[in-house]
Amino acid sequence: MRLSRYFLPVLKETPSEAQIVSHRYMLRAGMIKQSSAGIYSWLPLGFKVLRKLENIVHEEQVRAGHVPMLMPTLQSADLWRESGRYDDYGEEMLRITDRHGRDMLYGPTNEEMITDVFRSNVSSYKDLPLTLYHIQWKFRDEVRPRFGVMRGREFLMKDGYTFDLTKDDALHAYNRHLVSYLRTYERMGLQAIPMRADGGPIGGDYTHEFLVLAETGESEVFYDSAVTDLKFGDRDIDFDDKAQCQGILEEFTSKYARTDETHDEALFNAVPEERRRTARGIEVGQIFYFGTKYSEAMGATVQGPDGKPVPVEMGSHGIGVSRLLGAIIEASHDDKGIIWPEGVTPFHVGIVNLKQGDEEADAACEAIEKSIEALGLEPLYDDRKERAGGKFATMDLIGLPWRITVGPRGLKNGVVELTSRRTGESEELSPEAAVQKIAEIYANHRVSGL
Ligand code: ATP
Ligand code: MG
């Protein structure tokens, strides 16, 4: 992509409405534009990262054996009356009446709708286990939308729903989600710690929230610092292997890690004092086994092996896809701007031409651009007639992890400069060697995007 042909409306000034760094940088880097409170347009750069996150979520869900689909944003109130949640949900639900006077709503979540899909189509235990998921916009009329996409009113969520015959199978589905989420967040360059959460009115022990530690997080968290040493890494997972998934759940959840809602002072005090931590965290996902709550209320039963109808065991599992952009920036930035992890960066490499219009420099930039594209990677070539300082500031702000700087002086010696955004370190290399290095860096980070 040539910057001269792209749409990257960067702001010089720091927008005064933004209280936290991720919101400031998303506005300044031209990623989002607020359209009304908690509702945003996703400008090209923001949209590109959003799509990459979606792609990672899809890849990891499909890998775990879960089946993608898509449900609508607008739902009929009738389904919610069946579950009893139409009245319970309160003011966060945006209620709409259509021209025939029918009560509709903009979905804040999809348990009712998926239960309806299920009961209309599945009648035998032989069709289980089944996990259906979608990535769709949700609307919650939050009292205080703030922090940009972190607490929006309209936001993108992946929500998956599991259907099983037995509680044992449903808990395996829960564990499978935990494992797939650990992989998902790590691919995004994030550490998200599963913490025991509050089951709410349904209760139960089977719910964990995934939290990214950040000072600006809205949740207060308490944990044993040993949890931060756990890495998922490159493991071979058989998602059908119950013992393996259970083992990973135990590995990642046996150390103390809780949000303030479930915090237990006595248990926390049993952690050696030097490892006790109190901090803030951003909730980027939640897994939840809730048994037969919806299936009983809505008559979602299957015929069991003995021919008798059994209400299906369910769970729901969510990832805050749009919130993740904010969380990644909170976890990875400096005072010049964003620093994208390689796995989610909107463009893989920035190319800065120090002397646009210089025949040799232009030709070298174009050649590098072509070779990077030939690797299946996306460069962003700043081909504008701007001062070098301005070009560097833009690249630093938008946070591409690697930059290749090309100028007439270096070219005389046959070199360009390859700079890491994270460390600021540069090395002089031939253009071919710089491209080769980029190929090596991204060998394990290939994600398709737009
Ligand atoms: P919160 O406690 O932050 O309000 P929640 O527990 O109500 O979130 P869930 O129903 O668990 O949210 O939704 C799944 C995920 O969707 C959350 O873990 C979070 O990452 C994301 N999410 C929830 N509400 C919002 C919002 N208003 N804006 C952006 N993302 C959100
Ligand atoms: Mg939650």
Side-chain angles (χ1 to χ4, degrees), residues 20 22-23 26 32 34 36-40 42 46 49-50 53-54 56-57 61 73 85 88-94 106-114 133-161 174 177-178 180-182 184-185 188 190 192-202 204 206-214 216-221 258-262 280-290 293-294 314-331:
I20 61 170
S22 57
H23 189 194
M26 286 186 78
I32 50 170
Q34 181 173 307
S36 57
I39 304 179
Y40 292 86
W42 292 79
V49 181
L50 189 68
L53 300 186
E54 264 190 84
I56 292 176
V57 171
Q61 287 308 300
T73 53
R85 282 210 296 181
D88 294 352
Y89 214 93
E91 300 209 286
E92 269 190 23
M93 181 186 276
L94 180 66
Y106 195 127
T109 177
N110 285 67
E111 279 83 2
E112 283 76 2
M113 189 172 277
I114 196 77
Y133 79 92
H134 72 163
I135 301 180
Q136 177 61 290
W137 294 93
K138 305 291 186 287
F139 196 94
R140 294 184 188 173
D141 204 354
E142 303 273 355
V143 203
R144 226 152 59 94
R146 57 184 184 153
F147 301 158
V149 300
M150 292 262 244
R151 182 160 299 281
R153 292 198 296 164
E154 188 186 48
F155 59 95
L156 190 61
M157 194 207 281
K158 169 262 161 182
D159 40 327
Y161 303 90
Y174 182 89
H177 277 85
L178 179 122
S180 70
Y181 282 22
L182 290 170
T184 302
Y185 298 124
M188 295 175 179
L190 275 179
I193 304 168
M195 298 201 182
R196 197 182 159 119
D198 183 10
I202 310 168
Y206 302 106
T207 177
H208 284 87
E209 289 175 351
F210 289 78
L211 285 112
V212 172
L213 299 174
T216 47
E218 291 186 281
S219 314
E220 189 174 22
V221 300
R258 294 190 180 195
T259 62
D260 51 0
E261 287 168 355
T262 53
R280 318 254 346 145
I282 303 167
E283 183 195 327
V284 292
Q286 182 164 14
I287 52 177
F288 203 159
Y289 158 72
F290 49 69
K293 176 185 153 93
Y294 296 95
M314 290 177 62
S316 70
H317 308 275
I319 293 183
V321 180
S322 51
R323 178 180 285 180
L324 272 165
L325 265 101
I328 293 170
I329 299 172
E330 289 296 325

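Numbering of ligands and ligand atoms starts at 1, following listing order. One is the number of the first residue; the rest follow in order along the sequence.
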Answer yes or no: is there a donor N or O on one side and an acceptor on the other, between the side chain of [X] and the main chain of [Y], under 3.5 Å?
X: Thr216; Y: Ile20; value: no
X: Arg258; Y: Met195; value: no
X: Arg151; Y: Arg146; value: no
X: Arg153; Y: Ala37; value: yes
X: Tyr133; Y: Gly318; value: no
X: Tyr161; Y: Asn110; value: yes

Problem - Salt bridge present between Lys293 and Glu111 (N-O < 4.0 angstrom) - result: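 Not counted as a salt bridge, because no side-chain N and carboxylate O are separated by less than 4.0 Å.
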Exercise for the section: Apply ring-ring contact (aromatic ring centres under 6.0 Å, His included) to the pair Tyr181 and Phe210, showing each step before the final yes or no. Expected result: CA-CA 9 Å; Tyr181 282 22; Phe210 289 78; 5.4 Å; yes
Exercise for the section: Identify which one of Gln61, Glu54, Met157 satisfies the side-chain contact (heavy atoms from CB on, under 4.5 Å) criterion when paired with Ile135. Expected result: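 Of the listed residues Gln61, Glu54, Met157, the side-chain contact (heavy atoms from CB on, under 4.5 Å) partner of Ile135 is Glu54.
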Handout entry: Distance filter under 2.8 Å, centred on the Mg ion (ligand 2) - protein N, O or S atoms that pass it
Key =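 Those protein N, O or S atoms (cut-off: under 2.8 Å from the Mg ion (ligand 2)) are Glu283 OE2, Gln286 OE1.
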Handout entry: Protein residues having a heavy atom less than 4.0 Å from any atom of ligand 1
Key =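 These residues qualify: Arg140, Glu142, Val149, Met150, Arg151, Gly152, Phe155, Met157, Glu283, Val284, Gly285, Gln286, Gly320, Arg323.
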